Chemist: 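Sharing a structure here in structure tokens format.
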2 protein chains.
Amino acid sequence: MSDDQTASPPPKRPAPENQRTRSPGARPTLADIAQAAGVTRMTVSNALNGRDGVSADLRERIRTIASEMGYVTNWVAKKLSDSRSGAETGIIGVIAEIHTPFMGEVVSALSSAVRDQGRDMLVYSLPDPAKNVPGNVLDLLLHAVDGVIAVIPRDTSDFHRLATAGVPMVAVDRLNASVEMPSVAADSYGGACCATRHLIALGHRKIAFLAGETRRLSAQERLRGYRDSLRAAGLLHRPEYEADGGYEPQLARPATQALLALSDPPTAIFAGNDASALAAIATIEEAGLSVPGDISVIGFDDVSLAVQGGRGLTTIRQPFPEIGCAAVQLLLDLREGRAGAATRHLTLPVELIERATTAPPRR
Amino acid sequence: MSDDQTASPPPKRPAPENQRTRSPGARPTLADIAQAAGVTRMTVSNALNGRDGVSADLRERIRTIASEMGYVTNWVAKKLSDSRSGAETGIIGVIAEIHTPFMGEVVSALSSAVRDQGRDMLVYSLPDPAKNVPGNVLDLLLHAVDGVIAVIPRDTSDFHRLATAGVPMVAVDRLNASVEMPSVAADSYGGACCATRHLIALGHRKIAFLAGETRRLSAQERLRGYRDSLRAAGLLHRPEYEADGGYEPQLARPATQALLALSDPPTAIFAGNDASALAAIATIEEAGLSVPGDISVIGFDDVSLAVQGGRGLTTIRQPFPEIGCAAVQLLLDLREGRAGAATRHLTLPVELIERATTAPPRR
DNA sequence: GTGAAAGCGCTAACAG
DNA sequence: CTGTTAGCGCTTTCAC
């Protein structure tokens, strides 16, 4: 090409044979296919991106050549170049721990919601909630993504980094002491009241609560709802009826055992989430008691396995699809700088789903 | 700084006031903090990355300034620059549908395995398996990631693109007609034989099979194991006992109902996976029958909810942690070009877990 | 120890 | 319609 310059001082390319000193494994670049097509890189770029300024048949020819050579556009380079014009990537980041059923539902809902907006989603899942998100990924997310949805935030410092870097962020079921950010969550307080009242209405007086992970706001709200409803019904508040189920089966099992071992055991258990409800039921049945014959159990979340495993679990349904949509919408609003988005906290209504694990107490 | 050049032709920066024409929202760059610290960008880069060539206290000073200014290194730019030296990103991509319990287990195991290797993981989940992975994310993955683990591959063309682009890839529980790539999976055939023989050993003669999604190799292998074991035991092969459970509850329920409605219904059901086993149990109980009293049910996978929901499900355990490790290891081997990695297909042993849903048939 | 140069692969913005 | 120039933010030379 423009090789008839004044003798270039140091020979740049070691082997100026035919311009292709690319290692075999390397991917072809715009320049490569431009050379092959006998045009400039820009023409190729324009052709490949469907911008106008290229005749239809030239475009076709270029596209054919590109695909033959196995060209794929270098996302990183494109993004860097685009950074000038502040273009979006169309990708939304999600930080979550996806190994619980609850997470599965949320991530799934998010996924649909994101697609409905014509975007895509990348999720980062850290096995150990105590650890920070490692630098690499966080940086990648920071620069590759239009915004972040945090499902169960972890260590605050991560979020500070993101927040400081100006990445739009919204939380789903946020932590109590988390960085301040807009959020969306189901009405945990209302749901807890509803669940407790359901049990009371059935005639139960001795109602235990399997509390969730206390860091989470939702767990605190559910506890509050439980206590308030008990009080409102004039029932005794018994500390020994509040066990720590930690939102997970491993904690819920021993907690349930302890409940059963009480001198005056409860006749009903309100579990902080479905996973612990299921664990409670298993524990109760292993102890030779029946559900709901001897003890009623109600859960919270209505994850899909609640219906499917054995007879249906009575529970409080979280509107997962709506939560997903709301979170995505909020994120987009935030990004657009829409008024009030930055301090909005959405609470979505829940619903009692009566199935087969609650009944009046045995007399 | 070096502003006493010969008059620069067009005024590059519209407002040459004090070099900071950066829009307020924009993140600071190396140059910004270099200017603030009164050094060159390189010095800052070296200081921030802990490379030597910077005195200890200068480094500290620079780091302080950087953190005060809220500097975060631009991952995209770094990556582009690094591309010359072919450096790794330390991030492994996973393509999966995480909304099934099985996926949860796999992704979770992968996550641990990846961390044990000192790397991280980003997962892409598409709601609809039929759709292609959209371009954006695929390109991002292609360039941002050291390799891809495909859990349940989807449309072949996606994988062609990745494969063509030279991204190392391994499959977990691959599709039947998928792009050829190394894989790791549990021994579905062996497990199916084991499950079927367990039922036979208990005295069952009328054993039905709830087949999985037929595109998947694992589903085919399980069906084969079921048939072979039946034949080996001299039992009749009855087509009407092979129902389509599709690996999911929505399909398993009607399939089970059909099985129950047969004039000569089975006394045992081998479900292709735990999700369909649970659905089968629920269906059976709704029909007023008991498990395992009237009908025995055995699942496959041993996802954690199999133990927790109600009384334990008898099932075939997949070694999820080992699968995760093997997949990651294989990917790394592939990347290193280790011999044989490209054509390796690992099959990991499974194990019968007897719990409470299988028993001898009622006479 | 520090500074200047060039370039990763792409695109916006003009010039022809 | 096509070509040239400059630059995204960083790092790797190689001089000083």
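The structure displayed is predicted, hence computed values, not measured ones. Chain letters run A, B, ... following the sequence lines, proteins first and then strands; every chain starts at 1.
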Chemist: Does any N or O in the side chain of H143(A) come within less than 3.5 Å of the main-chain N or O of T73(B), such that one atom is a donor and the other an acceptor?
Modeler: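 Present.
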Chemist: When you compare the side chain of L48(B) with that of V44(B), does any pair of heavy atoms fall below 4.5 Å?
Modeler: yes
Chemist: Report the distance from atom CG of D52(B) to atom C1' of dG1(C), rounded to the nearest whole Å.
Modeler: 10 Å
Chemist: Calculate the interatomic distance between Q35(B) atom CD and dG3(C) atom P; express it in whole Å.
Modeler: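 It is 14 Å, rounded to the nearest whole Å.
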Chemist: Could you check whether any side-chain N or O of N74(A) sits under 3.5 Å from a backbone N or O of V76(A), counting only pairs where one atom can act as donor and the other as acceptor?
Modeler: yes
Chemist: Roughly how many Å is it from CG in L140(A) to C1' in dC10(D), rounded to a whole number?
Modeler: 16 Å
Chemist: Do T89(B) side-chain atoms and A144(B) backbone N/O form a donor-acceptor pair below 3.5 Å?
Modeler: yes
Chemist: Quickly work out the L48(B) CG to dC10(D) P distance and round it to whole Å.
Modeler: 9 Å
Chemist: Can you tell me how far P of dC1(D) sits from CZ of R61(A), to the nearest Å?
Modeler: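 After rounding, the reported distance stands at 15 Å.
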Chemist: I need a per-nucleotide contact map over nucleotides 10-16 of chain C, read 5' to 3'. Cutoff is protein heavy atoms under 4.0 Å; write B for the base, S for backbone only, - otherwise.
Modeler: BBB----
Chemist: Which part of the nucleic acid, if any, lies within contact of V76(A), taking any heavy atom under 4.0 Å across all strands shown: a base, the sugar-phosphate backbone alone, or nothing?
Modeler: nothing
Chemist: Base, sugar-phosphate, or nothing for S55(B), non-hydrogen atoms under 4.0 angstrom?
Modeler: sugar-phosphate
Chemist: Could you go through the side-chain contact (heavy atoms from CB on, under 4.5 Å) check for R119(A) and I91(A) one step at a time?
Modeler: CA-CA 6 Å; R119(A) 303 175 184 247; I91(A) 303 177; over 6 Å; no
Chemist: Measure NZ/K79(A) against P/dG9(D) and give the value in whole Å, please.
Modeler: 10 Å
Chemist: dC8(C) P sits how many Å from R27(A) CZ, rounded?
Modeler: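 About 16 Å, once rounded to whole Å.
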Chemist: When you check the phosphate oxygens OP1 and OP2 of dC1(D), does a side-chain N or O of T43(A) lie under 4.0 Å from one of them?
Modeler: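 Negative; the distance criterion is not met.
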Chemist: Under 3.5 Å, side chain of D32(A) to main-chain N/O of T29(A), donor-acceptor pair present?
Modeler: yes
